[in-house]
Participant: 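First the structure, which I've put down as structure tokens, then a few questions once you've had a look.
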Amino acid sequence: MKTILKKLQIKTAKHTEMIDITAQIEDILWKKDIKSGICVIFVPHTTAALTINENADPDVVRDFTKEMDKIVPWEDHYRHAEGNSAAHIKASMMGFSETLIIEKGKLLLGTWQGVYFLEYDGPRTRTVYVKIMSDEDNW
Ligand code: ZN
């Protein structure tokens with residue numbers, strides 16, 4: 001088994017944003033010719049997160065963002081002096097890592113699934129770590 005660690009830089013443009021990063025992860029697989037293995041992605045932030053969901057209909061992203069804002073409103077008499085408690089809460093609700101299966105050089109996702117980076121306190125330049133464990137010996 002061989003492993004590789006890659007760092008993706010994501011420049012977010014809005015305060016709250018869902019960015020499909022599936023292609024950026026699969027680009028690493030293609031460039032390194034990794035056909036089979038496991039991929040762990042991790043976000044080292046406290047106000048950004050990761051999730052997997054539908055990437056076919058953009059209305060899913062709009063509905064997702066709207067409902068998250070309802071569940072955790074930006075203003076709610078929070079005590080945290082930085083003023084971004086909602087972003088911290090939403091990030092923990094969604095989580096900071098995903099584990100994915102690599103098969104035939106691609107992420108083994110459902111037909112309608114994509115990997116999303118979730119910005120909850122942007123715009124900022126963010127980092128996503130991608131750790132790949134290939135089960136091939138010849139790369
Ligand atoms: Zn804070």
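One-based numbering, in listed order, for ligands and for the atoms of each.
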Participant: Check this for me: I101, atom CD1, are more than 12 non-hydrogen atoms of other residues, nucleotides or ligands nearer than 6.0 Å?
Facilitator: no
Participant: Restricting to side chain to side chain contact (heavy atoms under 4.5 Å, CB included), what partner residues turn up for Q24, sequence neighbours left out?
Facilitator: L8, I10, I21
Participant: Quick one: name the protein N/O/S atoms under 2.8 Å from the Zn ion (ligand 1), chain by chain.
Facilitator: H80 NE2, E82 OE1, N84 OD1, H88 NE2
Participant: Just checking, is any N or O donor in the side chain of N84 or T47 under 3.5 Å from an acceptor N or O on the other one?
Facilitator: no
Participant: Hydrogens and angles aside, do N53 and T51 bring a side-chain donor and acceptor to less than 3.5 Å of each other?
Facilitator: no
Participant: Please list, chain by chain and in numerical order, all residues satisfying side-chain hydrogen bond (donor to acceptor under 3.5 Å, both in side chains) with K66, sequence neighbours excluded.
Facilitator: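 Applying side-chain hydrogen bond (donor to acceptor under 3.5 Å, both in side chains) to K66 gives none.
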Participant: Applying side-chain hydrogen bond (donor to acceptor under 3.5 Å, both in side chains), name anything that partners D63, two or more places apart in sequence or on another chain.
Facilitator: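 Checked D63 against side-chain hydrogen bond (donor to acceptor under 3.5 Å, both in side chains); zero matches.
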